[in-house]
Number of protein chains: 2
Amino acid sequence: MKPRASGCCHAHDAELPDLTEKLRRNSRKITGPRQAILAAMRNHPRPLLIKEIHGLLGKRDCDLVTVYRSIDLLRRMGMVRRIEFGKGGSRYELIPEGDSEHHHHLVCEACGRVLQIDECLLLDAERIIEKASGFRAVTHRLEFFGLCPDCQG
Amino acid sequence: MKPRASGCCHAHDAELPDLTEKLRRNSRKITGPRQAILAAMRNHPRPLLIKEIHGLLGKRDCDLVTVYRSIDLLRRMGMVRRIEFGKGGSRYELIPEGDSEHHHHLVCEACGRVLQIDECLLLDAERIIEKASGFRAVTHRLEFFGLCPDCQG
DNA sequence: GCCTCAGATGCAAATGATTTGCAAAACCAG
DNA sequence: CTGGTTTTGCAAATCATTTGCATCTGAGGC
Ligand SMILES: [Mn+2]
Ligand SMILES: [Mn+2]
Ligand SMILES: [Zn+2]
Ligand SMILES: [Zn+2]
């Protein structure tokens with residue numbers, strides 16, 4: 001379990017979701033806003049607020065509502081995942097192509113810095129909970145919070 | 001790790017937070033709405049939405065805004081904790097008197113049923129993450145989601 | 001019991017995040 | 001190119017939560 005700067009490992013383009021192909025396959029259109037949003041998320045690999053994504057776009061690239069709609073489409077197509085830090089709206093991050101793993105985050109409650117925690121200890125827990133409760137398709141949502149070195153004291 | 005119906009164990013009154021005393025100690029007033037809210041939460045021991053709490057009160061017991069303000073006071077006084085299921089607003093549940101443990105929940109994504117999971121496997125994880133990241137005062141937020149027996153198939 | 005006033009409440013309105021309606025604009029298959 | 005479908009922008013609606021303010025009330029003190 002080694003936390004690391006969120007998204008510090010720049011995935012190759014090949015590992016990133018192929019917008020064009022996926023859109024075509026669903027008879028959706030390849031548009032400027034969608035490309036710009038994906039590009040912005042590639043360049044800022046950490047969970048971003050809709051407002052932040054919009055801010056990263058050349059202000060006049062597209063409307064805030066279009067960011068909402070595009071992110072939702074990307075999410076339904078499995079290219080983006082939604083993350084909740086519990087304050088100030090949902091956040092979204094890219095899902096690397098062919099990524100079957102998930103990860104968690106360690107968020108500084110003072111400055112908002114985010115580290116990524118790759119190892120998940122809860123897959124066993126999910127199976128155990130399924131057996132004990134009779135639930136199926138059990139998943140989990142887990143985030144860690146604390147004070148980063150710069151924000152202590 | 002044995003999930004169980006959320007709040008199925010009715011704590012004795014003695015184990016529940018003592019509103020009167022705690023309010024007095026902070027020079028806050030013992031009012032009808034506050035007593036009614038606490039009573040409603042006692043009778044429905046699971047994470048409730050503000051709207052649900054308000055609904056449980058005799059409609060004209062108090063204003064929705066008062067529920068917000070009262071719950072926030074109770075939370076700041078350590079009698080109530082906030083829980084996020086990620087949809088439709090924050091939820092709140094009573095903290096039994098002298099309770100130093102926390103627990104997690106298993107939520108049915110179809111019907112909303114909630115089981116409580118008493119064991120937490122992440123306290124060690126917090127310590128390990130602190131050592132590995134340099135963060136301090138690390139806490140976590142964890143919920144499980146799935147389909148309860150009645151909602152499968 | 002009555003006074004007094006900090007603390008509480010109701011109601012209206014403000015905020016902030018997200019969604020929806022709709023007409024105009026952009027894609028792209030043919 | 002053209003036509004028809006998908007997208008987008010803009011305004012307005014929704015939802016959850018907060019804030020402002022005038023009015024009300026619980027509870028200590030007389
Ligand atoms: Mn991440
Ligand atoms: Mn609970
Ligand atoms: Zn996990
Ligand atoms: Zn825990």
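Order of the sequence lines fixes the chain letters, A, B, ..., with proteins taken first and strands second; residue numbering starts at 1 for each chain.
Counting non-hydrogen atoms under 4.0 angstrom, A:Arg69 reaches a base of the nucleic acid. Using a 4.0 Å heavy-atom cutoff across all strands shown, A:Arg28 reaches sugar-phosphate atoms only and no base atom. Nucleic acid contact for B:Ile30: sugar-phosphate only, since backbone atoms but no base atoms lie under 4.0 Å from a heavy atom of the residue.
Between A:Asp72 atom CG and D:dT8 atom P there is a gap of 12 Å when expressed in whole angstrom units. Look at CD on A:Gln35: it is 13 Å from P on D:dT7, rounded to the nearest Å. D:dC24 atom P lies 15 Å from atom CG of B:Asp63, rounded to whole Å. Rounded to whole Å, the distance from NZ on B:Lys87 to C1' on D:dA16 is 16 Å. For the pair A:Arg24 CZ and D:dT6 C1', the interatomic distance rounds to 15 Å; values are reported in whole Å. Atoms OH (B:Tyr92) and P (D:dA16) sit 12 Å apart, rounded to a whole Å. If you measure from atom NZ of A:Lys51 to atom C1' of C:dT15, you get 11 Å, rounded to the nearest angstrom. Atom CE in B:Met77 sits roughly 14 Å away from atom C1' in C:dA8 (whole-Å rounding).
Comparing A:Leu64 and B:Thr31 by the nucleotide of DNA chain D whose heavy atom lies nearest to each, the residue mapping closer to the 5' end is A:Leu64. Both B:Arg82 and A:Ser70 lie near DNA chain D, and the one whose nearest nucleotide falls closer to the 5' end is A:Ser70. Comparing B:Thr66 and B:Lys29, the nucleotide of DNA chain C nearest to each residue sits closer to the 5' end for B:Lys29.
Under the 3.5 Å distance criterion, the side-chain polar atoms of A:Arg141 are left unmatched by any main-chain donor or acceptor of B:Arg141. A:Asp63 contributes a side-chain N or O that, together with a main-chain N or O of A:Val65, makes up a donor-acceptor pair within less than 3.5 Å.
Within the structure, ring pair (Phe, Tyr, Trp, His ring centres under 6.0 Å) pairs that include any residue of residues 21-47 of chain B do not occur (at least two apart or interchain).
Across D:dG28, C:dA8, D:dT18, the shortest atom-to-atom separation from the side chain of B:Arg34 is found for C:dA8. Checking C:dT18, C:dT20, D:dT17 against every side-chain atom of A:Ser90, the shortest atom distance belongs to C:dT18. Taking every side-chain heavy atom of A:Tyr68 into account, C:dA17 is the closest of C:dA17, D:dT7, C:dA8.
A salt bridge links A:Lys22 with A:Glu97: at least one charged nitrogen is closer than 4.0 Å to a carboxylate oxygen.
B:His140 places a side-chain heavy atom less than 4.5 Å from the side chain of B:His102.
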